[in-house]
Each structure stands twice: as C-alpha cells, then as structure tokens.
J.: 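What follows is a structure written as structure tokens; I'll ask about it next.
In the text below, chain A, chain B and the rest are named by the order of the sequence lines, each starting its count at 1.
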Number of protein chains: 2
Amino acid sequence: MRRVRLEDVARAAGVSKATASRVLNDDPSLSVRADTRARIHAAAERLEYRPHPVARALAVPGTGALAMLVPELSNPAYGEMIRFAYRAARARGYVLLAAEDTEEQEADEAFTALVEGGRIDGLLIASARPANRLLEALRRHPVPHVFVNRSVEGALANVTVDVESAARLAFTHLAQLGHVRLGHVAGPRGVQSTEGRERAFLAAATAAGVPLPPVAHGPFTPAGGAAAGERLLREHPDVTAVFVSSLAQAIGVLHAARGAARVVPETLSVIAYDDLPIAHFLDPPLTTIALPIGPLAAEGVEILADMLAGAPPRSSVLDAEPDLRVRASTVSLQREERT
Amino acid sequence: MRRVRLEDVARAAGVSKATASRVLNDDPSLSVRADTRARIHAAAERLEYRPHPVARALAVPGTGALAMLVPELSNPAYGEMIRFAYRAARARGYVLLAAEDTEEQEADEAFTALVEGGRIDGLLIASARPANRLLEALRRHPVPHVFVNRSVEGALANVTVDVESAARLAFTHLAQLGHVRLGHVAGPRGVQSTEGRERAFLAAATAAGVPLPPVAHGPFTPAGGAAAGERLLREHPDVTAVFVSSLAQAIGVLHAARGAARVVPETLSVIAYDDLPIAHFLDPPLTTIALPIGPLAAEGVEILADMLAGAPPRSSVLDAEPDLRVRASTVSLQREERT
DNA sequence: CCGGTTTAGGCAACCGGTTTACCGGTGACC
DNA sequence: GGTCACCGGTAAACCGGTTGCCTAAACCGG
C-alpha cells in the first residue's frame, strides 16, 4: 500500500509529471487543453492524490509550516492564542506548530530543531524569554518572525495592543471606585510585556496624583502571583486595590489575600489583565481587562504570511478598545475604610 | 548566505558526499581512516553544518517528528502532558508537535495536514474525539499511533493508568470521612476516559453498599462543570460529597456549590481527578487524585518510538499508585448533617 | 611475483516533487 | 513557399540528503 505519487497521477492521465504538477498547482504560465486538465484532475481525484509537503519543501523554498513559541503551554491564555493563530494560519494555507520556549536549556533545542532544521518557514513569538537571547539566535540563523504581544527592538515585526490604554483603564476603574492606595502585581522582571503594563499603570497613577503604587514581581503562575501578592500585602497592608498583570497570577493573589485575612472584594479589590472563561468561576468572579487574543494572534499570522509572500515586515498596534469586564472582585471602597 | 550543505562539508574535507554522510551518521558498514573521519568532523564543525531534516525525510522513511493530539490546548492538564511528552520525545531523538483535535471540522484538517501530509512519523492521541472517527481516519491512512490515557479497542496501542483503583481511592476517601450520599460529575458522554472513571466510582459505591450516586455529565471545562454541578445539586440536594472527573470541571462545581448556597467543605465535600498547581490556590484548596501525567506521557512516547524502531505495538497500564492529595475541600461529614 | 582479500572511499540512483529549457507541429503572414 | 509565433506539452536537472554497489590501491600469503 504505497503512497500515491504525482507520477502515478501523471501516468493515469497520460501526461508527464511536469504537466501534472503545473495543472494541479494551476500554474498560469502553462497552456493546456481543457480536456487534458480535466483528465489530470479526475485522475488525482480518483487516486486520492495528496501532495507530499516534505518533497515539495525540498523543491521549493518553504515548508508550509509556521511555529508559535509560547512560554508556557500549561497557561490557558497561550492555549487560546495558539488556537486562534492555528485558525488564521490554516486560512493562509499554513499549518501551525506549537512549541514551548522556557528559560531552560531545552528551549534552544526546540528552536534548533524547528528553525535550524528547516522544518518551518516562520516564527510567531509570544515567548517570555529575554528577547536578546532569542534575537541572537535569530541573527545566527535568520528566519522571518513576528513578536506577538511584545514589542522588541531589533525585531522584524511586532504586533501589540495598546497596553497604555488598557492599564489606564484598570487604573480608572479602580479610581472611580474610590481607591487611592493601589498596588500592582507584575510579571517577571525583564519581560517586555509585563514592563509595559507596569509602566503604564504607574504613569496613570502619577498623572492622577495618587501615591505611587508599590509593585511586586513574580512569574506568570498562580504560585508566582501568590508569592508576589503575599509580599505586597505584607509590606503594604494599606493598599485597598490591586492590579494584577495576568489571570494566572490573580488566582494566586486571591489566595494570598485569604492568607492575609483580606476579604475580596470587601477589603481588597482585585482586577487582572487577561480574560478567560475561568475568571467567571473564581471566588469571587474576577474583574478583568480582556486582551484581544484572537485578533492579536490573527494579525501576527497575517503579517508573517505577508512577509513570507514577499511583503516588507510591518509592525502593528491593534486598535481594539480595551474591554473591561466587571465582575465581583472590584467594589467601591467601603466608607469606613476610607482615609 | 546559503545553507551549509553536506556537499560543502564533503568538499571542505576532500571527500565525497557519500563518505561524509556515512561518517556523520557513523555508519558501521563503512571503514574509513581515523584522520579522514576527523577531517570530516572538523569540517562539519567549522562550517556549522546542520543536516536538513526535510531532505533526510525524503531519502529515508521517517521525518523525525511525532505529533500529539489533545482535545483542548487551553486546558492546562494537556499542556502539562505535552511538556512531558516533548521531553521524552527529545530523549528519543524526535521532535514533538502539538495539535488540537476538537470535534469541529478543522480537526480533520489538522489530522490531514500532519498525517496525510507525511509530516510526522507517529501519533500520540489524548484526544477526546469519539475514537471511531479517529480510528477510521487511521485506517484510511495508517500511521503508528498510541492512545494515551485512553484505552481504545482496535487501536494499535494504549497506555492507561489504573482508573479503577483511582476512582476507588476517591470513593474510599469520601467514605472514610463518613459520606454516604455521593454524587459524580463526569465528563462528556461517549468519551472513553471519563466512562472508566464513572464506572469504577459507581462500582465502588455499589460494592460498599451505599446508594448509587447520581451522575451529571458535562464538558471538561469550568463552564461544563458548573452546569453539571448545578444540575446535580438541584436534582439531588441531599448529596454531601461529589467526585469530579477533572480539575477544570471542579472549578465550575465549586462555583455551582456557591450558587446553591452550599459551603465547601462544610456542607459539601469535593474531590477531583487530576492535579495541577492551581488546585492548591482555589478556595478552598481542592483535594485531588493526581494523575501521573509525566509517566503516562513518557510511556506513550516510549511505546511509539519502539514501534517506529520496529518493535511490535504493546499496550501498557501504568502501575503507579494513585496519589491522593488531601487539601481543604473534603472534610468528614458534620454530625448534625448525618441522617 | 602473482592472485585474492581487505581497506578506503567514490559513483550514481533514488526519495517526490518543481522548474527551466526545449521541441514538434500548425496556422498566419509576407 | 519560407519564416515566425504560438500551442500544448515533455525531458531532465535540481532540492539535500542516503545507500547499494563498485573499484583502485594496499596488503597478504604462497
């Protein structure tokens, strides 16, 4: 039971491989009689011919595959992003491979296996890994790439959202509820995406003339959020509201709040960046600012596919309005708590 | 800036492509002088030669890539599984690609693109998709595969854990706490992995002589767990403890309990199958039975790699002891609640 | 010194496509 | 009647490896 080859189709249709190839890829530079064309298509259909991408990849530059690097597959937010990217990639005729790009040694292996191995044509990078290491790898072995939800200097292309306005929205929401003593649980230091959030949030606070919110850093995990939240609440027990840099961390912050005998939302309001179904099911349901994951991923794929089609790299900032989803974790500051 | 080819290495070392290839793959059937061998290796090193897997895949059967099909990338449990599988695959010299295999149309596309496209050598399947559709696709286009955490009749190989003893452990834990009126939130109907859990849990209850626990089915998501939990608690308000088929659902069940004015654990104990860091950070921290995800994934990869190396398919049941992680969501039945 | 066996390595086919260059006929035009 | 421009294709090289088969030289015993 062998694989059906192009040659089989060609023989069945009574033409040469070359003609079969051109007809099936409808090469405009070839003139061919309509009935010959029909015979070839019929033969391909009948034999259930499927072109062999590996062979094609050898003949033409390009494998028809893109890879997406995410920092953590066990973070649902990235799963979501991959899903959208996958869909967008299919629409452009590519298949999308997902790979985890942790800080550990093996991360480079993944990169090596995929990129240097020539298995893929382009890279979508949502990795948290310090950009310079990645950029160096990319310089050593250039491959079209776009950073998504990160803006990296020296990168070919970046697609980002307006973090400033999102962080401002978080601030405004808390401020409108009467909160003045704010705190921020940020992602790990040195990660570009978290720094933007932090900077914008602090800037909004400064602009509004409220005290500069203390910041605690931690990994993008529940455990990371718990540790950072615990530290923040211990060192700054007077904060009444916290802006958390990711949903995963917010779960930990909620936990830390309970540990510190704070009741959310009564004695501590919590708002997180990122939205996923799970936010609705937490206790209390979490107020969030939704990141437009779908459009972000799709735009990244579009840019990358355009680059592969010869277009110059372009960066873009999505102009989607940040979407505040008010749930039960933020309430207006209790009267008796006000200073 | 062209890619370094085998031919470049050969020329630099003053030998032919053939010899270079044999030396670099250390083909034992070739006798070659030590200094020639050294020259070739030195040249490869100096030129930073990286073999081109695509070209190699065309020449020999096998691409060096494995794919893992999971039902949902946004479920962290599968992210975890992919991570372990990835590691195990690397150790065997393969790269692992992750793909989502939902019930939707595009699922077949993913399968088609990867398998029929000849991009991969074998398939790890943790998919929830009804096995018959997958099996049919596999029959149409045979490829070595192993089902992980599922036991599918007609499949080449299955690797599973002892669900019976895990479900029995859940039952025993609840029974020892004095619970008699139990309930079960199961996964979607028709999914093999959830049915095993359900069957074993009900069997344990029957064997112990307690009333047959009512069962509510739902998808493996927080929303699915919430809906099923709500239904279960509404139709059977007398249950005092619930066994939930997955961690994702348990988050929803916790939510449903609050909606039904039940306090976990005081008036409702909850135990879930699956363990992830997040379980510790929920409110209350969730008692779970840990699935040995790592060993499961690793064993799946081993079996698959062995098959690809020519070994006959073999199924295996991991004999890891089910691991009960008691946290705060299960307590002994309150005296005043006892019947 | 000669024939046979090793040793060390080369030639060329092949994997399954794509693409460049070319070719035999036919009709139009001068 | 000769030439030129299509039309409708084909043969063969190529992508970057792997591998079966072959051979020139060295070596070896007789």
Side-chain angles (χ1 to χ4, degrees), chain A residues 1-41 43-44 47-65 93 113 116-121, chain B residues 1-41 43-44 47-65 93 113 116-121:
Chain A
M1 171 143 175
R2 288 190 45 62
R3 162 168 213 110
V4 178
R5 300 186 314 277
L6 179 61
E7 181 149 16
D8 302 326
V9 174
R11 200 193 339 267
V15 299
S16 72
K17 269 173 60 177
T19 307
S21 171
R22 298 198 136 98
V23 165
L24 292 177
N25 297 329
D26 40 49
D27 177 340
S29 80
L30 176 75
S31 67
V32 71
R33 277 204 310 262
D35 66 317
T36 306
R37 181 183 301 272
R39 271 209 323 283
I40 293 172
H41 276 121
L47 298 177
E48 297 187 342
Y49 171 67
R50 302 271 176 280
H52 192 161
V54 171
R56 191 204 303 265
L58 193 54
V60 301
T63 64
E116 302 195 356
R119 288 183 194 274
I120 58 157
D121 299 340
Chain B
M1 172 146 179
R2 287 191 45 64
R3 165 169 210 109
V4 178
R5 300 185 316 276
L6 180 60
E7 181 148 17
D8 302 327
V9 174
R11 199 193 340 268
V15 298
S16 73
K17 267 172 62 175
T19 306
S21 170
R22 296 190 146 105
V23 165
L24 293 178
N25 297 328
D26 40 47
D27 178 339
S29 78
L30 176 75
S31 67
V32 70
R33 275 204 312 264
D35 65 316
T36 307
R37 181 184 303 272
R39 270 209 323 284
I40 294 172
H41 276 122
L47 299 176
E48 297 188 342
Y49 171 67
R50 302 272 176 279
H52 192 162
V54 170
R56 190 204 302 266
L58 192 55
V60 301
T63 64
E116 302 194 356
R119 288 182 194 273
I120 58 157
D121 299 339

J.: Can you check whether Ser16(A) has a side-chain N or O nearer than 4.0 Å to OP1 or OP2 of dG9(D)?
T.: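 Answer is no, no contact under 4.0 Å.
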
J.: How close or far is atom P of dC7(D) from atom CZ of Arg37(A), stated in whole angstroms?
T.: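 Taking CZ of Arg37(A) and P of dC7(D), I get 13 Å after rounding.
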
J.: In whole angstroms, how far is the C1' atom of dC14(D) from the CG atom of Leu58(B)?
T.: 12 Å

J.: So which atom in Gly118(B) and which in His52(A) form the shortest heavy-atom distance, rounded to 0.1 Å?
T.: O-NE2, 4.1 Å

J.: Of Ala20(B) and Val4(A), whose closest DNA chain C nucleotide lies nearer the 5' terminus?
T.: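 With Val4(A) and Ala20(B) compared, the 5'-side residue is Ala20(B).
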
J.: Round to the nearest Å and state the distance from Asn25(A) atom CG to dT18(C) atom P.
T.: 5 Å

J.: Provide the closest heavy-atom pair for Tyr49(B) versus Leu6(B) in the form atom of the first, atom of the second, distance.
T.: CE1-N, 3.5 Å

J.: Of all the heavy-atom pairs spanning Leu58(A) and Val54(B), show the shortest one and how long it is.
T.: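 Here Leu58(A) and Val54(B) meet closest at N-CG1, 4.1 Å.
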
J.: Look at all strands and tell whether Val54(A) reaches a base, only sugar-phosphate, or nothing, counting heavy atoms closer than 4.0 Å.
T.: nothing

J.: Round to a whole Å and report the spacing from CG of Leu6(A) to P of dA11(D).
T.: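 After rounding, the gap between these two atoms is 14 Å.
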
J.: Whole angstrom is fine here: how far is it from CD in Glu7(A) over to C1' in dT18(C)?
T.: 14 Å

J.: dT18(D) P sits how many Å from Arg5(B) CZ, rounded?
T.: 14 Å

J.: Does the structure show a Watson-Crick or G-U wobble partner for dG8(D), both distances under 3.5 Å? Name it, or say none.
T.: dC23(C)

J.: Measure from CG on Leu30(B) to C1' on dG20(D) and round the result to the nearest Å.
T.: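 After rounding, the reported distance stands at 13 Å.
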
J.: In whole Å, I'd like the distance from the CG atom of Leu47(B) to the P atom of dG16(D).
T.: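 Roughly 15 Å, once rounded to whole Å.
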
J.: Which nucleotide sits closest to the side chain of Ala18(B): dG10(C), dC15(D), dG9(C)?
T.: dG10(C)

J.: Could a donor-acceptor pair under 3.5 angstrom be found where the side chain of Arg22(B) meets the base of dG20(D)?
T.: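 Yes, the side chain and the base share a sub-3.5 Å donor-acceptor pair.
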
J.: Using a cut-off of less than 4.0 Å, is there contact between a side-chain N or O of Ser21(A) and OP1 or OP2 of dG17(C)?
T.: no

J.: Does a side-chain N or O from Arg56(B) land closer than 4.0 Å to OP1 or OP2 of dT18(D), or not?
T.: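 Checking Arg56(B) against dT18(D): at least one side-chain N or O falls below 4.0 Å of OP1 or OP2.
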
J.: Tell me which nucleotide, if any, is Watson-Crick or G-U wobble paired with dG30(D) when both distances must be under 3.5 Å.
T.: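 Its partner is dC1(C) (Watson-Crick or G-U wobble, both distances under 3.5 Å).
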
J.: Students often get this wrong, so: under 4.0 angstrom with heavy atoms, is Thr36(B) touching a base, only sugar-phosphate, or nothing?
T.: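 The answer is sugar-phosphate, as Thr36(B) gets under 4.0 Å only of primed atoms, P, OP1 or OP2.
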
J.: If each of Val15(A) and Ala55(A) is mapped to the nucleotide of DNA chain D with the nearest heavy atom, which maps nearer the 5' terminus, i.e. the 5' end?
T.: Val15(A)

J.: Donor-acceptor check, side chain of Arg3(A) to backbone of Glu116(B), threshold 3.5 angstrom: yes or no?
T.: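 Present.
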
J.: Any donor-acceptor pair under 3.5 Å joining the side chain of Lys17(B) to the base of dG17(D)?
T.: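 In this structure, the two groups form a donor-acceptor pair.
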
J.: Rounded to the nearest 0.5 Å, how far apart are OG of Ser21(A) and CD of Glu7(A)?
T.: 12.5 Å

